[in-house]
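Presented below is the structure to which this report refers.
Numbers restart at 1 for each chain; the letters A, B, ... are given by sequence-line order, proteins then strands. Computation of the quantities below employed the complete heavy-atom set of this structure, encompassing side-chain atoms and omitting hydrogens, waters and symmetry-equivalent molecules.
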2 protein chains.
Amino acid sequence: MELENHTRESVAQLLRSHGINPTHQRIEIGFALFENPQHRSADEILAMVNARHTETSKATVYNTLKLFVDKGMVRELIVDPNKVFYDPNTSAHHHFYEVATGELTDIPAAGVHIEGLPQLPPGMVTEGIEIIVRTRPGR
Amino acid sequence: MELENHTRESVAQLLRSHGINPTHQRIEIGFALFENPQHRSADEILAMVNARHTETSKATVYNTLKLFVDKGMVRELIVDPNKVFYDPNTSAHHHFYEVATGELTDIPAAGVHIEGLPQLPPGMVTEGIEIIVRTRPGR
DNA sequence: ATTAGAATTTTGACTTTGTCTAACTCCTGC
DNA sequence: GCAGGAGTTAGACAAAGTCAAAATTCTAAT
């Protein structure tokens, strides 16, 4: 799954299917995320989008990433004290986080089970459950 | 457990027992964390320590919190994109995170089981496993 | 074609969190 | 008392992200 070869066209479709008006900048930002799906910081995206020649401002990158998150097109990963990472893979999964290098690796949710979590406080709804396994070069 | 009424004296003991030389500032910072144990940001600690009159600099608060983490006296929580929280409770446990308010609540690890996590890459060691249940006022 | 209005983007200043360096203070053992 | 190390300080700095106002682009109706 998710092995599609993304083109600007397919990204535009993806945007539309999430109720997002596909503007030039949004397509470029989406393309940067989905072309070669990785965990990216806002700064990386900004650099990727402007690699050839400047075409998108910092504010737009931040606005757009927030929009993508709101519309459920990408996921936010809060795992590093310095920067937020954006994860184009929105299917349920968890992460290894290599503390020394900052490297993130997916853990497919299939097969992982969590048992014994307490009830939520009344009136609260789960927005997401994230397991982070912090690792470091060993022993 | 952990219901001790902490005094400056008992905090000094705690520091010594973690191999930390108990200076005036370190005791005050430790006291701020353990007196009424909550999840605190560095800024909060700074404010608490200097509430009566200035006695500790920003740099010392950051240095000291890092030292406490290294020595295993408190735990770092990376859960909010803006700030790191410091958790005086180092026993294994997980967290609810109320996204709207930023409120953190403990989930005791007793009774929670995780199954099916894949092997670590060779040469890697687990530094910690954290489950974060993000919640919001619901439906 | 024209134009009003909405949506989007930009610029650049600003805020917040955290880091760094060099100087300074304090403590300890001699 | 003094040298040396440990700890602390001020303040400048850096990085990530936010914000408001102006500028641009898009849309749809005249």
Side-chain angles (χ1 to χ4, degrees), chain A residues 8 11-12 15-16 18-33 39-50 53-71 73-74 76-87 99 102 104, chain B residues 8 11-12 15-16 18-33 39-50 53-71 73-87 99-100 102 104:
Chain A
R8 265 132 188 118
V11 170
L15 290 166
R16 271 185 282 265
H18 283 85
I20 300 170
N21 185 12
T23 66
H24 178 52
Q25 286 85 340
R26 287 169 183 172
I27 291 171
E28 289 306 314
I29 292 168
F31 188 67
L33 277 161
H39 310 96
R40 309 274 191 195
S41 68
D43 253 33
E44 274 180 281
I45 298 286
L46 181 61
M48 290 174 77
V49 166
N50 291 331
H53 45 79
T54 303
E55 46 183 338
T56 305
S57 71
K58 183 167 69 150
T60 296
V61 168
Y62 279 95
N63 289 343
T64 301
L65 289 171
K66 188 175 296 172
L67 178 68
F68 286 4
V69 170
D70 287 351
K71 299 294 191 177
M73 213 183 85
V74 305
E76 224 176 10
L77 288 187
I78 299 163
V79 105
D80 179 298
N82 300 313
K83 40 184 113 225
V84 172
F85 286 102
Y86 294 89
D87 189 343
V99 175
L104 272 166
Chain B
R8 267 137 187 113
V11 170
L15 290 167
R16 271 184 282 263
H18 284 85
I20 300 170
N21 185 12
T23 65
H24 178 54
Q25 286 85 338
R26 287 169 182 174
I27 290 171
E28 288 306 314
I29 292 168
F31 189 67
L33 277 161
H39 310 96
R40 310 274 191 193
S41 67
D43 253 34
E44 274 180 282
I45 298 286
L46 181 61
M48 291 174 76
V49 165
N50 291 331
H53 46 78
T54 303
E55 46 183 336
T56 305
S57 72
K58 186 167 67 150
T60 297
V61 168
Y62 279 94
N63 289 343
T64 301
L65 288 172
K66 189 174 296 172
L67 178 69
F68 286 3
V69 170
D70 286 351
K71 298 294 190 178
M73 213 183 85
V74 304
R75 213 216 272 190
E76 225 176 7
L77 288 187
I78 298 163
V79 104
D80 178 299
N82 299 311
K83 39 183 113 224
V84 173
F85 286 102
Y86 294 89
D87 190 342
V99 174
L104 272 167

Rounded distance in Å - [atom1] ([X]) to [atom2] ([N]):
| X | N | atom1 | atom2 | answer |
| --- | --- | --- | --- | --- |
| B:Y62 | D:dA12 | OH | P | 17 Å |
| A:E55 | D:dT25 | CD | C1' | 16 Å |
| B:K83 | D:dG17 | NZ | P | 15 Å |
| A:D43 | D:dA14 | CG | P | 15 Å |
| B:K66 | D:dT8 | NZ | P | 15 Å |
| A:I45 | D:dA16 | CD1 | C1' | 15 Å |

Checklist entry - Quick one: the side chain of B:K58 and the base of D:dG11, do they pair up donor-acceptor inside 3.5 Å? => result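 Between D:dG11 and B:K58, which were checked side chain against base, a qualifying N/O pair under 3.5 Å is absent.
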Checklist entry - For DNA chain C, whose closest nucleotide is more 5', that of B:N63 or that of B:N82? => result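 The residue mapped nearer the 5' terminus is B:N82.
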[X] vs [Y] side-chain heavy atoms within contact, under 4.5 Å:
| X | Y | value |
| --- | --- | --- |
| B:K83 | B:E44 | no |
| A:I20 | A:T64 | no |
| A:I78 | B:V79 | no |
| B:V74 | B:V69 | yes |

Next on the checklist: Counting the atoms with a prime plus P, OP1 and OP2 as sugar-phosphate, which does A:S41 contact under 4.0 Å by heavy atoms, base, sugar-phosphate, or nothing?
Outcome noted: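 The answer is nothing, as A:S41 stays clear of every strand by at least 4.0 Å.
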Measure the spacing between [atom1] of [X] and [atom2] of [Y] and express it to the nearest 0.5 Å.
| X | Y | atom1 | atom2 | value |
| --- | --- | --- | --- | --- |
| B:L67 | B:H18 | CG | NE2 | 11.0 Å |
| A:R26 | A:L15 | CZ | CG | 8.0 Å |
| B:L65 | B:L33 | CG | CG | 6.0 Å |

Checklist entry - If you walk 5' to 3' along DNA chain C, what is the first nucleotide with an atom under 4.0 Å of a heavy atom in chain A, and what is the last? => result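 Counting from the 5' end, contacts occupy C:dT8 to C:dT11.
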Item to check | Given DNA chain D, 5'-ward residue of the pair B:T56 and B:P81, judged by closest heavy atom | outcome: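 By nearest-heavy-atom nucleotide position, the 5'-most residue is B:T56.
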Item to check | Sub-4.0 Å heavy-atom contacts from residues 18-28 of chain B onto DNA chain D, ordered by number | outcome: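 Those residues are B:N21, B:T23, B:Q25, B:R26.
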Item to check | Check against side chain to side chain contact (heavy atoms under 4.5 Å, CB included), B:E76 and B:Y86 | outcome: CA-CA 5 Å; B:E76 225 176 7; B:Y86 294 89; 3.9 Å; yes
Checklist entry - Hey, does the side chain of A:N50 reach the backbone of A:E55 with a donor-acceptor pair shorter than 3.5 angstrom? => result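 A pair under 3.5 Å: yes.
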Checklist entry - Does the side chain of B:T60 get closer than 4.0 angstrom to OP1 or OP2 of D:dT8 through an N or O atom? => result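 Checking B:T60 against D:dT8: no side-chain N or O falls below 4.0 Å of OP1 or OP2.
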